[in-house]
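Working notes, structure below.
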Protein chains: 2
Amino acid sequence: MDTPPPGPGPRVLVVDDDRTVAEVVTGYLNRAGYEVEQVEDGPAALERAAARKPDLVVLDLMLPGMDGLEVCRRLRARGPVPVIMLTARGDEDDRILGLEIGADDYVTKPFSPRELVLRVESVLRRSQASAPRPRPGSLLRAGGLTVDPAARRATKNGTELALTVREFDLLTFFLRHPGRAFGREELMREVWGWDFGDLSTVTVHVRRLRGKVEDDPATPRLVQTVWGVGYRLDAEPAPGSETVHSPAPEQEPASAPDLVDGDVHGERAPRP
Amino acid sequence: MDTPPPGPGPRVLVVDDDRTVAEVVTGYLNRAGYEVEQVEDGPAALERAAARKPDLVVLDLMLPGMDGLEVCRRLRARGPVPVIMLTARGDEDDRILGLEIGADDYVTKPFSPRELVLRVESVLRRSQASAPRPRPGSLLRAGGLTVDPAARRATKNGTELALTVREFDLLTFFLRHPGRAFGREELMREVWGWDFGDLSTVTVHVRRLRGKVEDDPATPRLVQTVWGVGYRLDAEPAPGSETVHSPAPEQEPASAPDLVDGDVHGERAPRP
DNA sequence: CCGTCGACGTCCGTGTTTCGTAAGGACCTC
DNA sequence: GAGGTCCTTACGAAACACGGACGTCGACGG
């Protein structure tokens with residue numbers, strides 16, 4: 001794919017039959033730290049690009065002989081090289097074609113060389129830094145799970161999970177507070193936003209979540225049941241402790257940022 | 001914006017210390033229906049321009065006293081007035097600088113007065129056509145889609161799409177935030193600019209957009225429905241296809257490249 | 001001036017998905 | 001073993017997304 005340019009800097013291939021324009025552009029790009037090669041027609045461009053793959057091509061649309069569009073097409077056919085088109089202003093048809101073929105940007109003549117440099121930098125940045133990647137955002141992960149709250153996506157070992165709204169919110173909440181135990185009341189308050197309600201709702205949703213998240217829902221390893229208290233997300237499989245259900249004393253609630261005093265003592269009796 | 005009325009005609013300020021050149025140019029421009037003023041040096045040009053703002057300036061690069069470039073710079077500092085530079089052939093450096101400063105066009109001496117008139121007309125035409133900003137486009141793309149916000153054009157796999165205003169704005173917004181889920185409320189706020197309103201409006205427009213953008217609108221691949229939440233543009237096929245532990249080093253790339261205008265969403269109607 | 005057309009916002013009917021609750025059984029703790 | 005807690009299943013109701021259709025408004029052309 002991208003060959004990290006060794007010494008000089010990214011290679012830019014400038015294709016323009018107008019000597020003046022080519023010189024100007026080359027000068028600016030050189031000063032901006034690029035290694036510039038300069039050709040005057042399509043065939044030469046293709047040849048040059050084949051000989052030494054450039055990191056970016058600045059391509060005039062109007063070329064003698066082979067059309068700039070054709071050149072672009074052929075360049076693209078070989079590999080995903082970024083292309084910036086130089087077009088005459090008002091040549092809307094050409095602009096359209098430029099878009100179609102897949103130029104990454106275009107600049108209309110006459111143009112400011114400085115602007116061109118900016119665009120080169122911009123295109124180069126976005127094409128090599130994160131070309132196919134839109135934006136990961138802040139991800140939550142634990143176990144084999146990955147949750148992207150912004151995209152509202154969740155994956156388990158790389159495969160996407162089809163979670164419902166409640167399931168997703170529940171899982172996200174757990175991932176935001178791993179290792180801590182939460183009572184059903186607390187979960188209902190934090191995830192559902194209710195101060196009352198049938199607590200079995202929480203139970204059912206935890207089960208449904210387990211069904212999609214756990215390898216073996218019968219013996220959960222991520223969403224643990226804390227007997228008499230509620231649930232807890234175990235991010236890492238506790239090493240050493242082999243006991244399945246360890247009634248070990250719960251860790252200090254200490255001072256969690258959010259639901260500090262949420263400890264439920266008395267009134268957790270659904271009353272059967 | 002407003003078409004220069006035929007009466008007085010657009011005002012052109014000609015700045016050249018060479019009397020002969022100035023006269024010739026003035027003559028031609030006059031005959032072409034322009035109202036021409038003529039000065040011989042930089043300070044006079046600035047003064048004249050300040051007194052009565054010209055629609056265009058024809059500026060010689062080589063001026064006694066103040067450099068033509070400096071004049072251009074100062075003119076530009078006051079407002080977006082179109083400038084055509086007169087340069088000596090071979091004055092490549094000057095040409096470079098001229099373009100850099102932001103001349104809209106240039107003509108090399110010796111030149112045909114008729115050509116100059118043509119260029120004046122051309123520049124004038126396009127400067128009043130796209131008065132606010134002749135900014136070139138920065139392209140957005142994802143999937144087989146390409147959107148040029150500046151030109152307000154969109155293509156799908158090379159064929160141009162006939163999108164309405166709303167559809168275009170909606171698509172553009174999605175492309176600017178790929179991979180993120182947005183609720184209808186949010187979309188209504190961001191794309192429509194409303195804080196209230198029937199949310200089904202969003203639904204309907206998403207459907208219409210899909211009808212034009214998706215290969216199979218019944219099973220969308222680009223504009224995904226996030227149940228109970230809203231919609232999301234999926235640029236990539238979806239993670240977790242093959243590679244399980246891909247070397248994906250998730251990071252935080254800045255979203256806005258640089259030249260891309262903020263999040264100004266087109267020209268929005270005031271609201272009926 | 002009127003008729004046509006396109007864009008837009010709204011409304012309705014329908015099929016599907018999701019949610020909350022109930023009820024019975026299994027399990028844990030004491 | 002008893003009592004309480006948790007799991008599982010099932011089901012009706014509500015929420016939701018979607019497609020179709022309608023009425024309005026403005027632009028355009030006759």
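Basis for what follows: all heavy atoms, side chains included, without hydrogens, waters or symmetry-related copies.
Comparing Leu163(B) and Val165(A) by the nucleotide of DNA chain C whose heavy atom lies nearest to each, the residue mapping closer to the 5' end is Leu163(B).
Between the NE2 atom of His205(B) and the OG1 atom of Thr203(B) there is a distance of 11.0 Å, given to the nearest 0.5 Å.
Distances shorter than 4.0 Å separate some side-chain N or O of Tyr231(B) from OP1 or OP2 on dC18(D). In terms of phosphate contacts, Thr225(B) brings a side-chain nitrogen or oxygen within less than 4.0 Å of OP1 or OP2 of dC18(D). OP1 or OP2 of dA17(D) has at least one side-chain nitrogen or oxygen of Arg184(B) nearer than 4.0 Å.
When the C1' atom of dC7(D) is taken as reference, atom CG of Leu209(A) falls 15 Å away, rounded to whole Å. Rounded to whole Å, atom P of dC16(D) lies 20 Å from atom CD of Gln224(B). Here the P atom of nucleotide dG15(C) and the CH2 atom of Trp227(B) are 15 Å apart, to the nearest Å. Rounded to whole Å, the distance from CZ on Arg207(B) to P on dC8(C) is 14 Å. A straight line from CZ of Arg232(B) to P of dA17(D) spans 14 Å, rounded to a whole angstrom. Rounded to a whole Å, the CG atom of Asp216(B) is 14 Å from the C1' atom of dG19(D).
Asp67(A) places no side-chain N or O within 3.5 Å of a backbone atom of Glu70(A) that could act as its donor or acceptor partner.
Under 3.5 Å, the side chains of Asp216(B) and Thr219(B) contain a donor-acceptor pair of N or O atoms. A donor and an acceptor atom, one from each side chain of Asp148(B) and Tyr106(A), are located under 3.5 Å apart.
The shortest side-chain heavy-atom distance between Asp169(B) and Arg152(B) falls under the 4.5 Å cut-off.
Relative orientation of the His177(B) and Phe173(B) rings is tilted, given thresholds of 30° and 60° on the angle between their planes.
Ring centroids of Tyr231(A) and Phe174(A) are separated by 6.0 Å or more, keeping the two rings apart.
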Atom pairs, N/O to N/O, protein against nucleotides 20-22 of chain C, distance under 3.5 Å?
residue	atom	partner	partner atom	Å
dG20(C)	OP1	Arg166(A)	NH2	3.1
dG20(C)	OP1	Trp192(A)	NE1	3.2
dG20(C)	OP2	Trp192(A)	NE1	3.2
dG20(C)	O6	Arg208(A)	NH2	2.7
dT21(C)	OP2	Thr201(A)	OG1	2.7
dA22(C)	OP2	Asp198(A)	OD2	3.3

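Note on Phe168(B): nothing from the nucleic acid sits closer than 4.0 angstrom, heavy atoms only.
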